[in-house]
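In what follows, a single structure is set out as structure tokens and then discussed.
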Amino acid sequence: MRIVVGMSGGVDSSVAALLLKRAGHEVIGVFMNNWEEEDENGVCTSERDWADVRAVCARIGIPYYSVNFAKEYYERVFTHFLDEYRRGRTPNPDVLCNREIKFSAFLRFAEELGADKLATGHFARIGEANGEYALLRAADENKDQTYFLYQIGQEALSMAMFPVGGLTKPEIRAIAREAGLPVSDKKDSTGVCFIGERNFKKFLSGYLPAQPGDMVTPEGKVVGRHDGLMYYTLGQRRGLGIGGSGDGRRWFVVGKDIANNRLIVQQGEDSPLLYSAACEIEDLRWLAGHAPAADGEEFACMARLRHRQPLQAARAVIHGDRARITFDTPQRAITPGQATVLYQGELCLGGGTVDTAGSAGGRSYRG
RNA sequence: UGGGGCGUGGCCAAGCGGUAAGGCACGAGACUUUGACUCUCGCACUCGCAGGUUCGACCCCUGCCGCCCCAG
């Protein structure tokens with residue numbers, strides 16, 4: 001089989017390519033450069049990564065290419081990312097990036113190269129359920145990345161391969177080391193995919209105008225000033241700069257009053273306003289291509305509201321293009337704009353974007 | 001300008017003769033393909049200022065400065 005491997009310059013995708021090559025496939029390594037900008041220190045990480053991809057491919061003995069989807073990334077991912085921040089929400093660009101770039105634009109590029117499959121170094125597995133392709137959680141529960149992949153759909157699943165999804169991180173590093181790959185001990189990358197680790201406030205300020213305003217308690221008492229609502233997210237503690245006031249406990253963001261440009265803050269990690277046992281999600285996406293249950297029919301599942309969060313027992317009811325998720329245990333800082341991903345056993349069903357936390361039509365943090 | 005109290009790092013706050021607790025904030029790491037949370041370190045050669053007593057003072061004495069309260 002001819003297989004295109006999306007290579008980031010990291011250990012996971014490098015080992016993915018290695019394993020496919022060993023299995024006798026015709027492997028082509030392709031590096032994507034989707035963000036042409038240095039970080040605040042003038043460092044261009046992608047140069048370093050591209051160099052690593054070349055070194056790894058040379059070591060494995062496969063051809064390699066570099067493609068640039070910066071335009072697509074900006075138009076299909078980054079624009080939406082900024083729009084969400086303008087709305088006072090907290091988007092997850094990597095979820096969109098997988099759907100729009102890696103498993104869309106990049107997938108088409110692979111097909112143009114005559115690829116039968118597109119492989120990546122994601123921690124996830126592909127299986128089958130009811131005659132359809134299914135996305136399954138990774139063998140390494142600690143590294144599972146299905147949270148970022150829940151929007152990709154059947155077509156992508158039919159073409160995708162995740163060669164390292166059945167391995168643990170230590171196993172992957174061991175394989176890389178034995179094979180003499182130059183990236184065997186390279187640190188895992190973090191930060192927004194393709195953009196990298198940034199001083200978030202500084203980074204955002206370069207794209208969105210800041211509108212300072214008051215920080216107020218739920219009772220309306222002004223306790224400080226904020227630099228712009230988009231710089232804060234629900235449940236956030238650091239960066240408020242109002243320590244020492246009040247009863248001395250830590251302050252957390254518990255809401256955003258968009259209409260009045262006020263950030264609502266409260267003291268204490270146990271603030272009831274930070275917890276909610278339910279949420280409404282929108283923009284539903286199901287990996288099977290169709291909903292897991294009929295409209296209005298409640299079903300049990302497990303869910304997570306953020307990457308690496310332990311799965312939470314929940315019940316879901318779909319109604320049209322939205323769904324209501326109720327958790328057995330109240331969840332901390334359910335944040336509009338973030339993804340809620342549902343599971344049943346090893347199977348990742350899909351999910352949606354949090355619109356509001358709490359009861360429908362009741363208190364929300366949209367403002 | 002009679003009486004009483006107070007002044008410790010950005011904020012709050014222990015210490016009350018033996019060589020500056022703690023919390024919040026902040027900074028740096030760790031964790032992490034979002035944003036966060038969390039964790040671990042770090043953070044006053046100095047205690048409003050100036051003198052004095054003492055082997056030794058943030059803690060005792062004197063003066064000054066600045067707040068607060070009660071009286072008038």
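Values below: all heavy atoms of this structure, side chains included; hydrogens, waters and symmetry mates excluded.
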Distance between the [atom1] atoms of [N] and [M], in whole angstroms?
| N | M | atom1 | result |
| --- | --- | --- | --- |
| B:U32 | B:C39 | C1' | 13 Å |
| B:G48 | B:C59 | C1' | 15 Å |
| B:U8 | B:A44 | C1' | 9 Å |
| B:G17 | B:C11 | P | 27 Å |
| B:U40 | B:A25 | P | 14 Å |
| B:C31 | B:C12 | C1' | 31 Å |
| B:G63 | B:G23 | C1' | 36 Å |
| B:G29 | B:C65 | P | 48 Å |

request  = Taking only the side-chain nitrogens and oxygens of A:Lys187, find out if one of them lies under 4.0 Å from OP1 or OP2 of B:U33.
outcome  =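 So the side-chain polar atoms of A:Lys187 never come under 4.0 Å of the phosphate oxygens OP1 or OP2 of B:U33.
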
query = Does a side-chain N or O from A:Arg237 land closer than 4.0 Å to OP1 or OP2 of B:U38, or not?
reply = yes

Charged N-O contact under 4.0 Å between [X] and [Y]:
| X | Y | value |
| --- | --- | --- |
| A:Lys187 | A:Glu197 | no |
| A:Glu84 | A:Arg87 | yes |
| A:Asp12 | A:Lys143 | no |
| A:Asp52 | A:Arg48 | yes |

In whole angstroms, how far is the [atom2] atom of [N] from the [atom1] atom of [X]?
| X | N | atom1 | atom2 | answer |
| --- | --- | --- | --- | --- |
| A:Tyr232 | B:A36 | OH | P | 12 Å |
| A:Arg249 | B:A13 | CZ | P | 17 Å |
| A:Met7 | B:U33 | CE | P | 19 Å |
| A:Arg250 | B:C37 | CZ | P | 10 Å |
| A:Glu141 | B:C31 | CD | P | 19 Å |
| A:Phe203 | B:A36 | CZ | P | 12 Å |
| A:Trp251 | B:A36 | CH2 | C1' | 19 Å |
| A:Arg308 | B:U38 | CZ | P | 16 Å |

The criterion is side chain to side chain donor-acceptor pair (under 3.5 Å); which residues satisfy it with [X], sequence neighbours excluded?
| X | answer |
| --- | --- |
| A:Asp295 | none |
| A:Thr233 | A:Thr90 |
| A:Asp116 | none |

Residue [X], side-chain atoms from C-beta onward, closest of [options]:
| X | options | value |
| --- | --- | --- |
| A:Thr233 | B:U33, B:U34, B:A36 | B:A36 |
| A:Lys102 | B:U33, B:U38, B:U34 | B:U33 |
| A:Thr190 | B:G35, B:U33, B:U32 | B:U32 |
| A:His307 | B:C31, B:U34, B:U38 | B:U34 |

At 4.0 Å (heavy atoms only), tell me whether [X] reaches a base, stays on the sugar-phosphate, or touches nothing.
| X | value |
| --- | --- |
| A:Gln267 | nothing |
| A:Phe252 | sugar-phosphate |
| A:Ser8 | nothing |
| A:Asn98 | base |
| A:Gly121 | nothing |
| A:Arg306 | base |
| A:Phe148 | base |

request  = Keeping to residues at least two apart or across chains, list the ring pair (Phe, Tyr, Trp, His ring centres under 6.0 Å) pairs with something in residues 8-32 of chain A.
outcome  =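 Listed by first then second residue: A:Phe31-A:Trp50.
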
message = Do A:Arg304 and A:Thr146 have side chains that approach each other closer than 4.5 Å (heavy atoms only, starting at C-beta)?
response = yes

inquiry  = A side-chain contact here means heavy atoms from C-beta on lying under 4.5 Å apart; do A:Lys102 and A:Phe148 qualify?
reply    = no

message = Suppose we call two aromatic rings close when their centres sit under 6.0 Å apart. Are A:Phe78 and A:Tyr74 close by that rule?
response = yes

inquiry  = Quick check: A:Tyr231 with A:His226 (ring centres under 6.0 Å apart)?
reply    =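 No.
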
Base orientation of B:C45, syn vs anti, 90° cut from 0 = anti

remark   = By nearest-nucleotide position on RNA chain B, the 5'-leaning member of A:Gly239 and A:Pro93 is A:Gly239

task = State the dot-bracket string of RNA chain B. Criteria: Watson-Crick or G-U wobble, both atom distances under 3.5 angstrom; notation: ( ) intrastrand, [ ] crossing earlier pairs, | interstrand, . unpaired.
result = .(((((((.[[[..)..(...]]].(((((.......))))).....[[[[[..)....]]]]]))))))..

Atom pairs, protein N/O to nucleotides 10-12 of chain B N/O, distance under 3.5 Å:
{"from": "B:G10", "atom 1": "N2", "to": "A:Gly243", "atom 2": "O", "distance (Å)": "3.3"}
{"from": "B:C11", "atom 1": "O2'", "to": "A:Gly244", "atom 2": "O", "distance (Å)": "3.4"}

